[in-house]
Every structure is written in structure tokens, then in C-alpha cells.
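What follows is one structure encoded as C-alpha cells, with my remarks underneath.
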Amino acid sequence: MHWADQLASRVAEELRARGKDVYIFNGGLSVSGLQHIGRLRGEIILGEIVRRILEKQGLRIRQYITLYTQDAWKGKKPQREAFPKGEGDRYVGWPLIRVPDPHGCHNNWVDHYWEDFGPYIEKFTDGRIEVITTTEMYRGPLKQVVKEIMSKKEEVRRIINKYRARKPYPEGWIPFEPICAKCGRIDTTRSTRIVDGEHVEYVCDNCGHRGVASIEEGKLNWRLEWAGVWKALNVDFEPFGKDHAAPGGSRDSCVELSREILGYEPPAGQPYEWVAIRTRSGVSDMSSSGFSGITPREWLQVAHAEILRFLYLSTPVMRKVVINPLDIPQYYSRYYRAMRLHHKMEGQGGEEAVEEARSYELAQLTDEVRPVPEIPYLHAALLVQVLPRENRVEEAVRRLKRSGHLPENPEPHQLRWAETLLEKAARWVEKYAPPNLKITVLDRVTSEIAESLTMRDRLRGLADALERVEPWTEEGIKQAMIQYTQGYTPQERRQFYREFYEVFLGRDSGPRAAPLLAVLDKRMVVERLRNL
RNA sequence: GGGCCCGUAGCUCAGCCUGGUAGAGCGGCGGGCUUUUAACCCGUAGGUCCCGGGUUCGAAUCCCGGCGGGCCCGCCA
């Protein structure tokens, strides 16, 4: 059985025990910097998949993604480097939502880095995910929870101190951290007295300021905040990264505090592994505050959302996914294979095939599962490179019909797939493709190349042979070229092809000659050879 | 100190949950094309399933103990 189905049935069991009409799913993100596609995995797509499986079984579910916008900006080196020179230093410890946009185009740090992520959530899911920030929650549903926690502060302290035996909090400790009115930090303040239900006195260890703050202007201690969010939103299921999963970690302490202090049964959970990226320098986990990884916007430039979903679905949740942009053509091959398995276009292959097919099915953005044309990614990459830039997508589509990759009268979704694939492949060639996959058809033969030719007559003669090819298909061209070069010695043939590639691509090798010529215009090919 | 993941064909990995004569993709090699080759198609993989014990008629698969690699938490963020 697919891991997603197993997870869904386990979650379903736990949900039924909670007995509600509408269940709440949640995920959490701290917008500390680059919002990479790894964050889609556990906090968004995982929940969405489980939700959709369970909705099909008749459960009613609302899904949120909570942004931890009150968290302190830690001022890690890559974060600081987003600002000009030393400007970032003064924001260290500020709530993320108050840190200015280093590029000046948005209201603040959060808005800026959310730009390449937030609007794309709906392109990677069914779109039914609501965004909420802790900043708003402290002014709304979390406020009551904060009051409740503060009213039981000694009991809270007793529990939390079990997790920090070496450095217990002292008597009177208040688990609320206000924003310092003077220096702006949220990570250096200590509440010293509860004034009334809604205000605390505090002292800032950074600047020494003493003041009174509203409980809307601060945050709960990290060991409590998550539990507070559960209760405030009535969360019933929430996955969490492996960093929260360690025994004695935040999940453990929040489970206990939720039950003991808040009287709230903690949600069902599921730990998940992170996503890494392979670059020239090696493999490393994608990191928000480290600014490592690619954003959803960048992913969509070079690949469909379904491909990423498929990668996540075909990897067990507790296993690391390593994304290598150079492997995107292969990801498509795997996706197409799974598609064939799902649509029974390929013979059964046992349990593994069944799960691949299921991964494909769950990778879809809607419940409609329609096969797309199996256009190899590298083929698309070749096409867009050899066609003239203007109208190249339209022309490429014509070629795809001719080569049988697309039906003569494609359905709208088939056509859309082809067009978007061509655009993405073109972008991939620019951004990621290794040099040997990059080709350009020369506008004209430079004099330098023309002068270097030693087989000019033979190349000219090829023009006549090719002119007779009708229709202009790969097969016909192939036959003509084999015939034309029949009497050549291996060395001559080698040289002939070298010069052939020089004439068209300005380099001594390239894609196989026949497919290359087939996608080029016949008249152009004949004329270029004839005029050498 | 605690926990997680991984260790199976050159590479990436599936198979382990529900034990029953070792799999896929890619690369490579061969062929389609006496030929350049990187599209596409077809064919081709014999690897101590990390090591050692145990359970079993039978273990890559379950249990215990190691070794190696990666990562998280360590009660400050």
C-alpha cells in the first residue's frame, strides 16, 4: 500500500476518535529567508494529499498554513548579506514581520520572501489552503490561549523545566516574550510581572529597557507556542520536520503542555525528512535562512508542479529527497512511466508498479486524471534550440505533431502540456543544461568556418541528395544520408560529419544528423549546403 | 548523551511493513543506421543484497549486536 494511503488511514482513525464535523489540518513555516520547494513537501503538499484522500472518504477538512511571523530574525550571515553593508545588524532579534525588506519593494522581510512562494501554493496543490500568520493570531484566537497559559505559569514552568534540567527557569518565570519598545528585539526580553490579563511588565537584557507590553506584541516561549497554535486553531493533524521529532524536542513538550495545561488533545502528527539540492559543489539541505535551494517560482520555470509532487510522493516521508536540476529530464521519464502504469498502458509489474501508479495519481492537481502526451524532455529541449526564436512554440508544436509526439488534433490539455513543456525546457537549457546539450543553429556560415572546410564539394553535393527527399522526414533524410556517404572510408565519413556540424551548429558534433535536419527547414538546409 | 535515515548491479535507488529461487531507471556496451551521435526505439546488468550472530524448512526481507555514511535534537535560539 502506498505510504500516503497508510498515513491517511492512520490519520483517519485518529480523527474519528476526535469526532468533529470539520477537521483542521495545519502546517507551519518561519519566513526566515528563501522560501524553497522543500517547504512545500511536509507543511503543504503532505497535508493536502492526506486531506484529499480523506475528503474522498467523506470527511470535511480545512487546511491552514501558519506563518511564524513573530519569530526573531536571527541575523545569520546569509540573512545579513541580504542588506547593504552593515545595515542588517540593527535588525537582529526583531520579529520577522518588522524587519524591513532589504530590497525595498515590499512592506517587510516576510512579504518580500513570501513573494516567490505564497502565490504559488495554489499551483502546486488544489488551492484549498488558507494562510494565517502568528502576528494576526496573537491579536485574535491566540490571545485567549496566552492568557490561559499565563494564568497557569507555575504549572507550565514545572513541565518545561523537566525538559531543561540543567538550566531550569526560576520561580515566577512568565512564558511570554514581548517586543522591546526601545530596541525592537523579541529575543532578549523577559516578562517580570503580569499587570493584568492583557499586559506584562518586562525588562530587555539587550538594552536594559523596562516597560509594559500588550500580549498582542510579543510571542509565547517556543516550547509553548506550537501548542498554543493547536488550541487556537483547533488543529487535528499537523506534520512536522525531523528537527521537531527528536525525543524531548518541541513536539514532545508541546504534546505534554497541550494536554496538561491547555486541556487540548494534541493533533495527529507525522514527522518528515527534508529536501536537499545537488549543485556543482555537492548535496546540501535546502535552507531558508541559509538561502539555499530553489523557490516554487523557479521550479515552475523549468518543470511542471506534478513532477515535484510525484517526486515527493514516490519517496517515503522519512527519506530525504535530493533534487538535482540536471536530472529534470529523468524525472519526466519516471513520471511518464508511472503514467503509463496508471493508465494500464503498460503491463502490470507487481506492488512497486502499483505504488508508482498511485504516486502519479496523487501527483495530479485535480481529481481528473488525464494522460498527457509523452514528449521526452530532452526532445523538447532540442526542438526549442533549433527552431527560430519567433513563434518557436507554435512551430515546435507542428513538429511534434509531425513526429507523432502529439496527435494531429490534440485536446486542449494535451496542447497545453506540450506548450508549457517546450517553454520550460527552453528555460532549463538556459539555466541548467550542461554545455554539451546546448546548441544553436547558426544564422549563417561564418567566413571562418567556410574557409576551414576541406570537404566543401561533398557538402554541396549533399544539397542535391537532400533536395530529392520528399517528404522531409527523419527517415527519408536518414536514408538519403546513408546512401550519400556510402563509399566513404570511416575517416572520411568522420570528417564529413564534423564539417556538417560546423556548417549548421558551428561545432564539430551535435545531435544525430537526421533528427536535427528533420526539425530544420528543408529549403534553408539545401540552400546553406549549396552556397558553401 | 538521545533519536532518525541510509548502506542491494558503475551511478541513483525499488524490493524489507505482509520471509519463499535477486529488480528498475540512468550510464556503459551492442544493435536499429558496415557511418558522427548526445534525440528516439530494441537488446544487454550476474551484484559477498555492509559485517557477525539469532529465529525459521527457508532471510536482502524478522530479532539482537557491530561497522560505515548522512542528518536532527542536546533542554540558549
Side-chain angles (χ1 to χ4, degrees), chain A residues 1 3 6 30 32 71-76 92-93 160-169 177 186-188 205 221-223 240-253 271-274 276 278 282-285 289 314-320 322 324 327 329-331 333-334 336-338 349-353 355-356 374-383 385-386 403-405 433-439 474-475 477-479 481-501 508-516 518-519:
Chain A
M1 205 209 289
W3 64 261
Q6 288 183 29
S30 166
S32 47
D71 282 17
W73 188 75
K74 288 159 195 165
K76 284 187 185 172
V92 173
I160 287 190
N161 278 347
K162 290 199 305 187
Y163 293 92
R164 35 185 303 143
R166 271 182 248 163
K167 279 194 196 173
Y169 286 122
E177 296 153 6
I186 194 172
D187 63 339
T188 49
D205 292 334
N221 174 272
W222 69 281
R223 280 206 181 269
F240 46 92
K242 62 169 173 186
D243 50 333
H244 296 290
S250 59
R251 168 80 193 181
D252 273 4
S253 55
Y272 63 86
E273 247 291 358
W274 294 347
R278 183 182 291 277
V283 174
S284 59
D285 284 335
S289 57
S314 55
T315 310
V317 268
M318 279 306 284
R319 168 105 34 102
K320 180 172 295 191
V322 180
N324 183 354
D327 283 341
Q330 285 180 45
Y331 299 158
S333 301
R334 284 186 52 195
Y336 288 143
R337 173 172 172 268
E351 181 65 15
E352 184 261 344
E355 295 202 2
E356 286 285 286
E374 277 185 59
I375 304 160
Y377 195 89
L378 286 176
H379 184 68
L382 170 71
L383 269 179
Q385 290 183 87
V386 299
S403 58
H405 288 100
N436 66 328
L437 287 178
K438 290 187 184 177
I439 54 167
E474 183 178 325
E475 185 57 27
I477 296 165
K478 189 174 80 184
Q479 291 308 329
M481 292 197 71
I482 290 164
Q483 210 179 349
Y484 186 73
T485 58
Q486 201 137 51
Y488 291 19
T489 66
Q491 295 88 328
E492 285 174 331
R493 197 171 276 122
R494 185 180 195 82
Q495 185 60 23
F496 177 80
Y497 274 101
R498 280 209 173 128
E499 299 195 2
F500 168 87
Y501 287 115
D508 66 7
S509 66
R512 298 187 61 200
L516 172 62
V519 298

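Throughout, protein chains are lettered first and strands after them, A, B, ... in sequence-line order, and every chain is numbered starting at 1.
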Rounded to whole Å, please give me the gap between CG in N324(A) and P in C26(B).
16 Å

Taking any strand in view, what nucleotide pairs with G74(B) in a Watson-Crick or G-U wobble way, both distances under 3.5 Å?
none

Who pairs with F240(A) by ring pair (Phe, Tyr, Trp, His ring centres under 6.0 Å), at least two apart in sequence or on another chain?
W226(A)

side-chain contact (heavy atoms from CB on, under 4.5 Å) filter on E273(A), not counting sequence neighbours, yields R41(A), K242(A), K320(A)

Run the side-chain contact (heavy atoms from CB on, under 4.5 Å) test against S289(A) and tell me which residues pass, sequence neighbours left out.
S32(A), K76(A), Q79(A), S287(A)

Not counting sequence neighbours, which residues clear side-chain contact (heavy atoms from CB on, under 4.5 Å) with R498(A)? List them please.
R494(A), Q495(A), D508(A)

Just the atom pairs and distances: protein N or O near nucleotides 69-71 of chain B's N or O, under 3.5 Å.
residue	atom	partner	partner atom	Å
C71(B)	O2'	K242(A)	NZ	2.1

Pick out the pairs of N or O atoms, protein on one side and nucleotides 6-11 of chain B on the other, that lie under 3.5 Å.
residue	atom	partner	partner atom	Å
C6(B)	OP1	R319(A)	NH2	3.1

Residues passing the ring pair (Phe, Tyr, Trp, His ring centres under 6.0 Å) test with F500(A), sequence neighbours excluded, are F504(A)

Could you give the OH-to-P distance, from Y501(A) to A38(B), as a whole number of Å?
10 Å

Determine yes or no for a side-chain-to-main-chain donor-acceptor pair under 3.5 angstrom, with Y272(A) supplying the side chain and P316(A) the backbone.
no

Pairwise P distance for G30(B) and G23(B), with rounding to whole Å:
25 Å

Residues in side-chain contact (heavy atoms from CB on, under 4.5 Å) contact with I477(A), at least two apart in sequence or another chain:
L466(A), V469(A), W472(A), M481(A), A514(A), L517(A), A518(A)

In chain order, what residues pass the ring pair (Phe, Tyr, Trp, His ring centres under 6.0 Å) check against Y169(A), with sequence neighbours excluded?
W173(A)

